[in-house]
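Heavy-atom basis, side chains included; hydrogens, waters and symmetry copies ignored.
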Amino acid sequence: MSSRVFALRVNVLRVVAFLVVSTWLFASVAFAQRQYIGYVYPAGGQQGTTFPIRLGGQGLSYPTGLIVTGEGVSVRLVDFLRVMSNQELDLLRQQLKELENPEVPMDEPLISRMAFWEFPAPIGPPELVKPFEALGNGDAELPLKERARRNLIRRIQMIFAEDERFPAVRAHCELVFAEVTIAPDAPPGRREIRVLTTQGISNPLPFYVGQVPEVCRKPMKTAQLPVLGREHLAQRKRPPEEEEVRITIPCTMNGQIAPGELNRYRFFAKKGQQLVISVLARELIPYVPDAVPGWLQAVVRVHDAAGREVAYADDYRSNPDPVLFFQVPEDGEYVLTIHDALFRGRESFVYRITIGEMPFLASVFPLGGPAGQPLALETRGFNLEGAELMAPPADAPPGVHLVRVRKGGYVSNPLPVAIDTLPEVRDQEPNNDRSQPQKVTLPVIVNGRIDQPGDWDVFEVEGRAGQTVVVEVLARRLASPMDSLVKVTNEAGEIIALNDDYHDAASGWNTDHADSYLMVKLPADGRYFVHIGDTRRQGGVECAYRLRISPPRPDFALRVMPSRVVIPSKSSVPLTVFVIRRDGFDQPIVLRCLDLPEGVESPGATIQPNQTSVNLAVRTSLAELRTPVNIRVVGTSKVGEEEISRQAVPAEDRMQAFLWRHLLPAEALPLVVFNPSYRPPETRVRPPIRDEDRPKDVPRTTTRASVDWYVRQIEALYQEYLLTDDFTNRQIANIEARIIQ
């Protein structure tokens with residue numbers, strides 16, 4: 001056997017082993033995360049309103065409620081639709097046909113349940129709602145039996161209307177319907193929503209509290225799987241009146257993009273209005289695992305009444321979600337369109353567009369400040385005249401905080417700023433090269449700008465042989481458009497160290513790691529020069545940065561995955577805790593769980609210096625704990641003689657575009673204990689089968705096992721109040737008569 005063939009076989013075996021191990025690992029993770037929501041629609045609503053939503057996912061059987069982070073938002077569970085088998089759908093077709101007869105027998109429990117059945121409120125314009133989507137209030141004067149019959153018909157019709165036998169994404173097929181109420185004083189902005197079931201709790205998805213009136217398109221049915229060469233057959237068929245919606249600004253528009261579609265919104269605007277059109281799309285569903293790019297890449301355009309394009313955007317700086325700044329040229333009607341850049345689509349391609357003369361923060365300067373002092377910021381953006389800055393308090397702890405402005409009752413988009421304990425200075429021009437450097441003393445944070453294309457800022461520091469110096473840029477992580485490049489040179493102009501991009505695993509949803517970082521050991525005593533510029537040779541007042549030049553400050557950050565703790569009765573589960581080491585930190589980290597409810601404990605764990613992650617066990621003696629309890633995971637270590645503690649940020653492991661994996665941060669780490677053998681109580685008692693219902697002289701061709709399986713499906717539909725007593729007994733009698741003796 002040649003060495004080349006042998007090497008090829010070894011590599012194949014390695015790949016197979018990797019796939020086997022990966023499959024086992026992902027299966028283990030999937031077991032702990034089997035409650036999954038892939039989208040919520042609409043993904044938010046206006047303050048002071050009550051509105052319906054729907055969520056698509058899997059593993060959501062036996063839902064008990066929904067939870068939203070923050071204050072002022074409550075959610076009420078209304079209904080749940082599971083995926084039916086072909087046999088179950090066939091039974092429902094037969095039952096539906098019988099229900100067409102007004103004299104069909106109906107038992108009292110079924111009448112009591114269905115006469116007062118609450119249907120999910122329709123989403124979308126009332127004139128486009130189909131009959132089975134209506135609440136049925138017009139039947140209030142009918143006798144109870146007739147109301148129950150009609151509601152049962154509507155409910156079965158609803159199941160067929162939402163069913164898709166060949167879905168593009170099977171993980172979106174289970175549907176949860178709910179009603180959201182947002183208080184008038186609920187703080188606007190981003191929240192997180194989860195579904196709670198008797199078997200656990202789902203992953204979180206973003207959910208927004210808006211400030212202006214909203215419109216919502218009709219929801220999509222689960223997208224159909226396209227067939228290569230016949231993709232057009234899987235496209236949604238919608239009437240022309242659903243393609244365009246008329247709005248009045250200011251307004252937030254909610255919609256979903258189907259394959260090949262674009263959505264239009266017609267509005268009237270006056271000359272001189274400064275309209276901000278901002279899109280939330282990738283922000284709502286950050287990563288799509290089976291598509292490139294791994295999110296809805298929204299494209300927005302504005303056309304005038306003559307159909308001429310007058311504005312366009314497909315992103316905003318490094319953010320895939322576009323923002324349009326549109327100064328209206330003339331009074332008249334305009335049409336805003338949105339579509340995916342590649343004309344892809346599915347039910348999880350959810351978006352929110354807000355249009356109006358809203359305050360919008362484009363940049364702040366500086367990008368932070370020293371701890372213990374009020375933060376004085378220069379703001380730039382749109383519609384900011386007379387706006388009030390909402391900055392963090394003077395006693396805000398070190399870290400990243402959000403700033404906004406308020407104007408006319410509206411709160412702007414947030415921008416991040418960093419607060420630190422090191423001394424800070426501003427960059428002083430001219431400092432463009434080594435002949436005119438700005439002298440600084442270590443340690444220091446420089447707040448500066450790349451003022452113009454091709455500009456460099458150079459800082460001179462004194463160094464000693466063997467001294468370790470860290471040079472770190474915070475720019476892109478603080479929403480600056482700057483793409484930094486840093487280098488350290490000696491007095492002779494020789495490059496000692498250089499860095500362009502540095503991957504920061506703790507930077508959340510960021511996929512554009514454009515900030516620079518390097519740690520260099522100085523070779524000799526003398527003067528050294530730190531150069532910072534933009535690698536794309538761009539510049540301007542918004543290209544701001546924070547440049548840290550200091551000795552190493554060893555530290556760490558933690559992520560715990562998954563972002564919920566779902567424990568089977570009297571059992572245990574592992575959490576995975578990842579460490580992100582900073583500035584050469586190489587000490588062990590002791591982990592412990594805090595705020596555990598009574599009956600739940602954790603032995604803790606230690607991340608050794610050579611480890612990047614470790615499993616942390618959580619176990620319980622409880623049989624059940626349905627109300628979520630938020631817990632914390634904290635890591636403690638030493639830096640020199642100082643003990644430091646860091647709280648782990650909950651995170652979800654998500655794949656982007658078939659390959660890259662990300663730990664998406666979440667706001668909370670809820671814990672529940674579930675009973676794996678739970679089955680809903682049987683609330684209907686079926687009467688005995690009558691002799692006249694049993695068929696005579698039928699061929700016996702069915703095994704007992706097959707009959708039991710089929711009967712279980714019938715019984716499940718019966719307990720869901722989808723079948724009448726009479727129909728159920730006849731179906732069971734007919735199949736039991738065919739059992740092979």
Side-chain angles (χ1 to χ4, degrees), residues 21-40 54-67 77 79-85 164 167-178 192-205 222 285-290 347-348 559-577 600 615-620 622-631 650-655 661-664 666 668-680 716 720:
V21 173
S22 299
T23 302
W24 178 81
L25 288 174
F26 289 143
S28 299
V29 172
F31 176 79
Q33 302 182 44
R34 58 190 177 280
Q35 291 79 31
Y36 168 77
I37 50 174
Y39 71 93
V40 53
R54 56 191 273 154
L55 304 93
Q58 65 179 356
L60 303 177
S61 296
Y62 317 133
T64 58
L66 297 92
I67 55 176
L77 177 67
D79 203 355
F80 168 70
L81 291 185
R82 62 180 177 88
V83 178
M84 300 277 185
S85 68
E164 174 54 61
V169 183
R170 292 191 178 275
H172 294 167
C173 291
E174 294 184 358
L175 298 176
V176 172
F177 301 87
E192 288 182 349
I193 189 169
R194 299 178 189 254
V195 174
L196 182 64
T197 79
T198 59
Q199 302 295 286
I201 189 169
S202 78
N203 59 297
L205 281 181
T222 302
I285 310 292
Y287 295 119
V288 176
D290 59 342
E347 62 276 9
S348 60
R559 298 291 183 268
V560 55
M561 192 277 294
S563 72
R564 70 270 202 195
V565 187
V566 181
I567 315 177
S569 301
K570 301 179 181 179
S571 186
S572 65
V573 294
L575 302 177
T576 303
V577 182
V600 180
N615 282 343
L616 174 65
V618 182
R619 56 190 179 220
T620 183
L622 302 176
E624 209 167 46
L625 177 63
R626 290 193 182 182
T627 302
V629 175
N630 288 333
I631 68 169
E652 289 288 329
D653 179 15
R654 287 290 175 263
M655 179 187 287
R661 304 199 75 89
H662 304 269
L663 291 177
L664 294 185
L669 183 61
L671 178 148
V672 294
V673 180
F674 74 98
N675 178 4
S677 60
Y678 171 84
R679 293 295 179 270
E720 293 177 52

**Request:** Could you grab the distance from atom CZ of R34 to atom OG1 of T197, nearest 0.5 Å is fine?
**Result:** 8.0 Å

**Prompt:** Distance from Q35 atom CD to T198 atom OG1, nearest 0.5 Å?
**Reply:** 8.5 Å

**Asked** Can you tell me if S569 uses its side chain to pair, donor with acceptor, with the backbone of F674 under 3.5 Å?
**Response** yes

**Asked** Short question: side chain of Q199, backbone of N675 - any donor-acceptor pair under 3.5 Å?
**Response** yes

**Asked** Should I285 and L205 count as side-chain neighbours, where that means a heavy-atom distance under 4.5 Å?
**Response** yes

**Asked** Are any non-hydrogen side-chain atoms of V600 and V629 less than 4.5 angstrom apart?
**Response** no

**Prompt:** Of all heavy-atom pairs between P204 and E192, which one has the smallest distance, and what is that distance?
**Reply:** CB-OE1, 3.7 Å

**Prompt:** Within 45° of the axis and under 6.0 Å from the centre of the six-membered ring of Y678, does NZ or CZ of R626 qualify?
**Reply:** yes

**Message:** Show the nearest heavy-atom pair for residues Y36 and S202, with the distance to one decimal.
**Reply:** N-CB, 4.3 Å

**Request:** For the pair T64 (side chain) and L196 (backbone), establish whether a donor and an acceptor sit closer than 3.5 Å, ignoring hydrogens and angles.
**Result:** yes

**Asked** Taking L60 as the fixed residue, which of V195, L55, L175 is the one that meets the side chain to side chain contact (heavy atoms under 4.5 Å, CB included) rule?
**Response** V195

**Asked** Between Y287 and H662, what is the ring plane arrangement, given parallel below 30°, perpendicular above 60°, and tilted in between?
**Response** parallel

**Message:** Can you confirm whether the side chains of E652 and S563 place a donor and an acceptor under 3.5 Å from each other?
**Reply:** yes

**Asked** Checking R194 side chain against P670 main chain: does a donor-acceptor pair fall under 3.5 Å?
**Response** no

**Prompt:** Which atom names give the shortest non-hydrogen contact between L669 and V560, and what distance separates them?
**Reply:** CD2-CG1, 4.1 Å

**Item:** Spatial distance of atom CG (L77) from atom CG (L66) [nearest 0.5 Å]
**Value:** 6.0 Å

**Beyond-backbone contact of V672 with V565, side-chain heavy atoms, under 4.5 angstrom** = no

**Prompt:** Is the closest side-chain heavy-atom distance between V573 and P568 below 4.5 Å?
**Reply:** yes

**Distance (rounded to the nearest 0.5 Å) between L663 CG and T576 OG1** = 9.5 Å

**Complete:** Distance col, row H172:NE2 vs Q58:CD, nearest 0.5 angstrom, shows 8.5 Å

**Request:** Provide the closest heavy-atom pair for I201 versus R564 in the form atom of the first, atom of the second, distance.
**Result:** O-NE, 3.1 Å

**Item:** T222 versus E164, closest heavy-atom pair with distance
**Value:** O-CG, 3.8 Å

**Asked** Say you draw a straight line from CZ of R82 to CD of E174; how long is it, rounded to the nearest 0.5 Å?
**Response** 9.5 Å

**Fill in**
On a heavy-atom basis, the closest approach of L575 and P562 is CD2-CD, 4.2 Å

